[in-house]
Amino acid sequence: MYPHERSLVARMKDKPFTILGVNSDPAVRYKKAIKENNITWPSFWDGGKTGGPIATEWAVRGWPTIYILDAKGVIRYKNARGKAMDEAVDALLKEMEAE
Amino acid sequence: MKALLMLLTLTAAVTIASAQTETKASPEEAIKSIIATHQEAMTAFMEKVRALPREKQSEFYQAEYPKTDKTLESLNTIVDANPKNPVILDAITWIARNTRGSGLDAEDFVNLQKNHLDSEKLCDVVMSFAYLQTPEAIAFLTTTSEKSKSRQVRGSALYALATGMKRDKSKAKEHESLIKKIIGDYPDLTVGGRNVAQALKVEKEATEKLAIGNPAPEILGKGVDGKEMKLSDYKGKIVVLDFWGDW
């Protein structure tokens, strides 16, 4: 999943786009993961455990869980991964460009 | 001489009697001891797994996982011999959990329904059936949820049904109506000491709030460096919100 996300970020480099993580790892592990996997996008740190406050409010029961939001902050897709994530992002970008 | 003989006879009688109590342990004691023996084997096995280097753990785990067949056989003998005794419910719970239901037969379900439908102890049994997903288990849970005289048992059976179908997308509608029923009819339902009806309600409200087409709720949080961040900082951008962990 990291390679896919890295390539998506690279492809969207000049577009209004970001991956925003909510990370549930203990701090040490999280820092190590960022370094080892070349994660350049920001993440909230959810307190070091899976039952953290953000994951709880967002009713997250499985990891990873993905929500894709449009530029207005509206939830548009849930759990679109891989190719489906690319397509979702492309569709939202097209929508923005049409407006 | 006569006294000595009598004493000998007495001793013999006592010895026989105590030997009999040993072999004729009560069903309750027998079930406890059989389950404990298996648990000891499991604990010893897990210790061995942990002592191995990581790369060898998986192979050892597959090859040496403690077998359940002897435990199952001993438990089944007691279950079959004591159909009306409520203590067999512990044995049935164990069998359901440790054999994914393959150790249960149709007779067990008939017997549970006939002799134990109203027993509060059936709560544990129905929860152990949640993931079996066999037609017999589902039929039993459905009947129990309708016919048990115990409210707690009826609620638990509904919760077990809902839990079992949660991941099955084709049953989403059915799942939704079960959850509604649990929240509405059994708001005080506790399973394993936890108020599950309340938890389901919170989860349902969150899911509704987070439906596609709704505005994303604000997230106020911090990065791992302690710097404050919020979701609305990214308005104007398409956001892939990714709940992740490195595991």
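Below, all heavy atoms of this structure are taken into account, side chains as well, without hydrogens, waters or symmetry copies. Because the structure is predicted, anything quoted here is derived from the model rather than measured. First the proteins, then the strands, lettered A, B, ... as listed; each starts at 1.
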Q. Between the side chains of Asp168(B) and His175(B), does any donor sit under 3.5 Å from an acceptor?
A. no

Q.
Please classify the contact of Lys230(B) with chain A as side chain, backbone, both or neither, using a heavy-atom distance under 4.5 Å.
A. backbone

Q) Can you say whether Met12(A) sits under 4.5 Å from chain B via the side chain, the backbone, both, or neither, judging by heavy atoms? A) neither

Q: Using a strict cut-off of less than 4.0 Å between a Lys/Arg side-chain nitrogen and an Asp/Glu carboxylate oxygen, indicate whether Asp90(B) and Lys121(B) qualify as a salt bridge.
A: yes

Q | OH on Tyr186(B) to OG on Ser145(B), rounded to 0.5 Å | A | 7.0 Å

Q. Which atoms of Lys166(B) come close to chain A, meaning under 4.5 Å heavy atom to heavy atom: side chain ones, backbone ones, both, or neither?
A. side chain

Q.
Would you compute the distance between atom CG of Asp242(B) and atom OG of Ser43(A) and round it to the nearest 0.5 angstrom?
A. 7.0 Å

Q | Choice from Trp58(A), Tyr67(A), Trp45(A) maximising heavy atom contacts with chain B below 4.5 Å | A | Trp58(A)

**Q.** Region of Val89(A) that comes under 4.5 Å of a non-hydrogen atom in chain B
**A.** both

Q | Closest contact, heavy atoms only, Lys78(A) versus Leu210(B) | A | CE-O, 2.9 Å

Q. What option among Gly213(B), Pro217(B), Gly221(B), Pro215(B) has the most heavy-atom pairs under 4.5 Å with chain A?
A. Pro217(B)

Q) Is the side chain of Asp108(B) donor-acceptor paired with the backbone N or O of Ile92(B) at a distance under 3.5 Å, no angle test? A) no

(Q) Glu208(B) vs Lys204(B), test: salt bridge (charged side-chain N to carboxylate O under 4.0 Å, His left out). Steps then yes/no. (A) CA-CA 6 Å; Glu208(B) 282 164 5; Lys204(B) 186 169 171 263; 3.4 Å; yes

Q. Of all of Asn214(B), Leu231(B), Asp225(B), which one pairs up most often with chain A through heavy atoms under 4.5 Å apart?
A. Asn214(B)

Q: Side chain from CB out, backbone as N, CA, C, O: work out which of these in Asn79(A) comes under 4.5 Å of a heavy atom of chain B, or both, or neither.
A: neither

(Q) Between Tyr2(A), Tyr77(A), Trp41(A), Phe17(A), who has the most heavy-atom pairs with chain B when the cutoff is under 4.5 Å? (A) Phe17(A)

Q. Roughly how far, to the nearest 0.5 Å, is the NZ atom of Lys181(B) from the CD1 atom of Ile179(B)?
A. 12.5 Å

**Q.** Atom pair OG1 (Thr71(B)) and CD1 (Ile35(B)), whose distance is rounded to the nearest 0.5 Å
**A.** 9.0 Å

Q. Among Asn37(A), Thr65(A), Ile68(A), which has the most heavy-atom pairs under 4.5 Å with chain B?
A. Thr65(A)

Q. Given the options Gly236(B), Ala206(B), Ala211(B), Gly226(B), which has more heavy-atom pairs under 4.5 Å with chain A than any of the others?
A. Gly236(B)

Q) Tell me, do Leu20(A) and Met229(B) make a side-chain contact under 4.5 Å, heavy atoms counted? A) yes

**Q.** Among the listed options Lys222(B), Glu205(B), Glu218(B), the residue most often paired with chain A at heavy-atom distances under 4.5 Å
**A.** Lys222(B)

Q | Thr50(A), part contacting chain B, at a heavy-atom distance under 4.5 Å | A | side chain

Q) Which bit of Lys235(B) is near chain A, if near means a heavy-atom gap under 4.5 Å: side chain, backbone, both or neither? A) both

Q.
Please classify the contact between Asp70(A) and chain B as side chain, backbone, both or neither, with a heavy-atom cut-off of under 4.5 Å.
A. backbone

Q) If you count heavy-atom pairs under 4.5 Å between each of Gly48(A), Gly73(A), Ala59(A), Ala80(A) and chain B, which one has the most? A) Gly73(A)

**Q.** Closest contact, heavy atoms only, Gly245(B) versus Trp63(A)
**A.** N-CD1, 4.4 Å

Q: For chain B, find which of Arg61(A), Glu36(A), Lys72(A), Lys32(A) contributes the most heavy-atom pairs closer than 4.5 angstrom.
A: Arg61(A)

